[in-house]
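Notes follow the structure.
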Amino acid sequence: QVHFLESGGGLVQPGGSLRLSCRAARMITSTFNPAAMGWYRQAPEKQRELVATITGGRSTTYIDSVKGRFTISRDNARKSVYLQMDSLKPEDTAVYYCNTVPSSDNWGQGTQVTVSS
């Protein structure tokens, strides 16, 4: 059973930056390395949405609202995925989760990102 451990969230002012980390605990390396991984977010009273993806070959995609501001990366040796978030906006406020793409049923607790002055 895959278990995702997210960290790095916090309170930041508009225009600030955060770097989120996710470790795919219990996911064996031979499964993690080729897997497409993604960062998802869920804002209050909204559905969870997929924000950024990275394939095993390190191809990336982003939703339009974060293009040019967010960067997804991965470290296969650490079974980890990262999300560098710059120029943060209040509308980025949400709980951020990582998971495979498509997602598994095993969601972590997520990490809260709050962008506010």
Side-chain angles (χ1 to χ4, degrees):
Q1 185 176 6
V2 180
H3 183 54
F4 301 104
L5 302 173
E6 301 97 346
S7 62
L11 173 63
V12 64
Q13 292 186 340
S17 297
L18 285 172
R19 184 174 187 252
L20 307 184
S21 298
C22 168
R23 188 166 65 89
R26 304 180 192 170
M27 195 170 181
I28 62 175
T29 301
S30 61
T31 301
F32 179 83
N33 287 1
M37 298 295 298
W39 280 97
Y40 301 74
R41 69 184 180 187
Q42 186 166 20
E45 300 181 358
K46 291 189 176 181
Q47 287 192 332
R48 189 174 290 164
E49 64 176 345
L50 178 58
V51 174
T53 69
I54 184 165
T55 67
R58 291 180 164 77
S59 295
T60 59
T61 65
Y62 303 91
I63 57 172
D64 286 345
S65 60
V66 307
K67 280 182 182 176
R69 300 189 298 120
F70 289 12
T71 303
I72 188 171
S73 61
R74 65 191 294 160
D75 183 338
N76 287 347
R78 291 180 169 82
K79 294 185 295 183
S80 293
V81 184
Y82 307 97
L83 188 67
Q84 177 67 40
M85 305 187 297
D86 299 317
S87 302
L88 282 161
K89 302 177 180 180
E91 51 264 43
D92 296 319
T93 295
V95 180
Y96 284 71
Y97 304 86
C98 73
N99 207 318
T100 54
V101 179
S103 62
S104 72
D105 292 332
N106 301 311
W107 293 93
Q109 291 189 332
T111 186
Q112 175 71 49
V113 172
T114 303
V115 185
S116 174
S117 54

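Residue numbers start at 1 and run along the sequence shown. Keep in mind the model is a prediction, meaning the values are calculated, not measured.
- The closest side-chain heavy-atom distance from Val81 to Ile72 is below 4.5 Å.
- Residues Ser7 and Ser21 bring no donor and acceptor atom of their side chains to less than 3.5 Å of each other.
- Taking CD1 from Ile63 and CZ from Arg41, the interatomic distance works out to 4.5 Å, rounded to the nearest 0.5 Å.
- Summarising the geometry of Ser87 relative to Ser17, their closest heavy-atom pair is N-OG, 4.4 Å, with the distance given to 0.1 Å.
- Of the possible polar contacts, one joining the Thr93 side chain to the Val115 backbone as a donor-acceptor pair under 3.5 Å is found.
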Residues 28-36 side chain polar contacts: donor-acceptor under 3.5 Å, at least two apart:
none

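- Transitive grouping of hydrophobic side chains (ILVMFWY, heavy atoms separated by less than 4.5 Å) brings Trp39 and Val12 into a common cluster.
- Using a 4.5 Å heavy-atom cutoff, the side chains of Tyr62 and Thr71 are in contact.
- Taking 4.5 Å as the limit, every side-chain heavy atom of Met85 sits out of range of all side-chain heavy atoms of Val51.
- Note: Gln109 CD to His3 NE2 = 7.5 Å, rounded to the nearest 0.5 Å.
- Here the side chains of Asn99 and Arg48 are not in contact, with every heavy-atom distance at 4.5 Å or above.
- In this structure, NZ in Lys79 is found 11.0 Å from CZ in Arg26, a value given to the nearest 0.5 Å.
- Under a hydrophobic clustering in which Ile, Leu, Val, Met, Phe, Trp and Tyr are joined whenever their side-chain heavy atoms come within less than 4.5 Å, directly or via other members, Leu50 and Trp107 fall into the same cluster.
- Sorted by first and then second residue, the disulfide (SG to SG under 2.5 Å) pairs involving residues 45-117 (not counting sequence neighbours) are Cys22-Cys98.
- Taking each heavy atom of Arg58 and Ile54 in turn, the nearest pair found is CA-CG1, 3.7 Å.
- Put simply, the side chain of Leu88 reaches to within 4.5 Å of the side chain of Phe70, judged on heavy atoms.
- Summarising the geometry of Tyr40 relative to Thr100, their closest heavy-atom pair is OH-O, 2.7 Å, with the distance given to 0.1 Å.
- With Tyr96 contributing its side chain and Gly8 its backbone, the two residues share no donor-acceptor pair below 3.5 Å.
- Ion pairing between Lys89 and Asp92 fails under the 4.0 Å rule for side-chain N and carboxylate O.
- The side-chain heavy atoms of Arg23 and Arg78, taken from C-beta on, include no pair separated by under 4.5 Å.
- Checking side-chain atoms of Asp75 against main-chain N and O of Ser80 turns up no donor-acceptor pair under 3.5 Å.
- Note: Leu83 CG to Leu18 CG = 9.5 Å, rounded to the nearest 0.5 Å.
- For the pair Phe4 and Ser104, the tightest heavy-atom approach, listed with the atom from each and the gap, is CE1-OG, 3.9 Å.
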